[in-house]
Amino acid sequence: MQTHRMKTKEVHIGDRVIGGGNPILIQSMTNTRTEDVQATVEQIRRLEKAGCEIVRCTVPTMEAALALGEIKKQISIPLVADIHFDYKMAIAAIENGADKIRINPGNIGSRERVAAVVKTAKERNIPIRVGVNSGSLEKELIEKYGGVTAEGIVESALDKVRLIEDMGYDNLVISIKSSDVLMCIRAHEVLTGKTDYPLHVGITEAGTVFSGNVKSGVGLGIILYQGIGDTIRVSLTGDPEEEIRSARLILGTLGLRKGRIEVVSCPTCGRTKIDLIGLANRVEAMTTELWAEIMQEYPLGLARDIKVAVMGCAVNGPGEAREADIGIAGGIGEGLLIKKGEIIKKVPEEELLSVLKEELVSLCRCEAAQG
Ligand code: SF4
């Protein structure tokens with residue numbers, strides 16, 4: 001089922017395009033020191049391999065702004081510079097090759113300083129993401145709406161967009177974020193009817209890998225399901241590669257991206273006689289790695305989603321795995337290899353993972369070749 005998408009303007013970020021019905025691109029942010037070119041490049045390459053399509057680095061110092069040029073030479077996905085407070089950093093980031101900058105004009109300073117940043121972006125036709133967070137909402141808007149509200153966040157973002165439009169620039173992306181999931185959803189619902197700029201969507205400060213994933217799944221799921229959003233970032237207190245895996249799963253679950261390897265597994269019960277929890281985790285890690293390898297080898301990826309079932313027993317496993325392309329079901333000291341619900345063969349427990357991988361590799365290659 002295809003989720004309806006809101007019509008937004010196209011914005012080019014390096015060689016990628018967001019908005020205008022293009023695929024929703026996955027972003028993350030490095031957590032290395034941007035000044036440390038080697039560490040930052042290594043992390044970006046890992047993120048790229050995991051499926052990251054746009055990466056953002058913080059630029060808190062002039063040394064970091066200068067490092068962007070060297071980082072950009074060594075990576076192949078668009079690089080976004082994240083700037084707070086200092087307009088000179090924003091200008092330096094653009095001059096050093098940033099493909100987009102993220103600023104909150106509210107903390108960049110005077111109108112003249114914002115204008116200087118906009119002028120430099122305009123000269124190079126670099127998009128600006130106007131990013132507003134609930135935590136930095138202006139006092140006047142808090143008073144006007146009787147607290148931090150979705151309406152206040154939207155008004156703040158649109159005020160800043162108008163400020164930049166009045167300076168003659170409209171190569172813009174908007175983000176409005178809140179760690180309050182319901183407020184974040186509401187703000188996107190309010191904003192979407194008021195602008196056609198592409199939206200960068202995320203639940204900010206969502207928390208650790210567990211709670212951040214649940215909150216992002218709920219928040220992004222509801223926002224994206226309404227057709228809102230052109231690029232996403234799952235924000236987790238953890239390894240940024242986790243953010244990419246989560247973003248891929250959210251988009252895949254909503255049918256907004258095709259070509260993933262989906263693992264389904266049973267919840268286990270009293271019939272389970274093998275270490276299914278361990279096995280399911282190993283299968284998930286194996287498929288994550290395999291997907292990345294396939295994407296490296298075949299840039300167009302898989303022609304369709306491939307579903308892998310990991311079931312705990314032979315009583316219900318094959319039937320429950322009928323929807324899957326391939327699956328395994330545990331027994332006592334052995335398991336079954338299943339394809340489209342049909343039992344293919346018995347396999348010793350310790351060989352289940354390798355046999356599954358072998359079958360999956362040939363299935364993926366077949367689907368990738370078609371892609
Ligand atoms: S597939 Fe078997 S082990 Fe898993 S929950 Fe169902 S009955 Fe239990």
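Being a predicted model, the structure only gives us computed values, none of them experimental. In listed order, ligands and their atoms are each counted from 1.
The hydrophobic cluster containing V173 also includes V11, I13, I18, L25, I54, V80, under a criterion of side-chain heavy atoms closer than 4.5 Å among ILVMFWY residues, counted directly or through chains of members.
Geometric assessment of R245 against the ring of W291 yields a negative cation-pi assignment under the 6.0 Å and 45° thresholds.
Within the sub-2.8 Å shell of atom 2 (Fe) of ligand 1, the protein contributes these N/O/S atoms: C313 SG.
Residue pairs meeting the side chain to side chain donor-acceptor pair (under 3.5 Å) criterion with at least one partner in residues 150-167, sequence neighbours excluded, are E138-S156, E138-K160, K144-E155, Y145-E155, E151-R186, S156-K160, D159-R162, E165-Y197.
The CD atom of E242 sits 11.0 Å away from atom OG1 of T208, with the distance rounded to the nearest 0.5 Å.
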message: What verdict does the side-chain hydrogen bond (donor to acceptor under 3.5 Å, both in side chains) test give for Q27 and T231, after you've listed the backbone C-alpha separation in whole Å, the side-chain angles of each residue and the deciding distance to 0.1 Å?
response: CA-CA 7 Å; Q27 305 204 18; T231 176; 2.9 Å; yes
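With sequence neighbours excluded, the residues satisfying side-chain contact (heavy atoms from CB on, under 4.5 Å) with M6 are H4, T192, I228.
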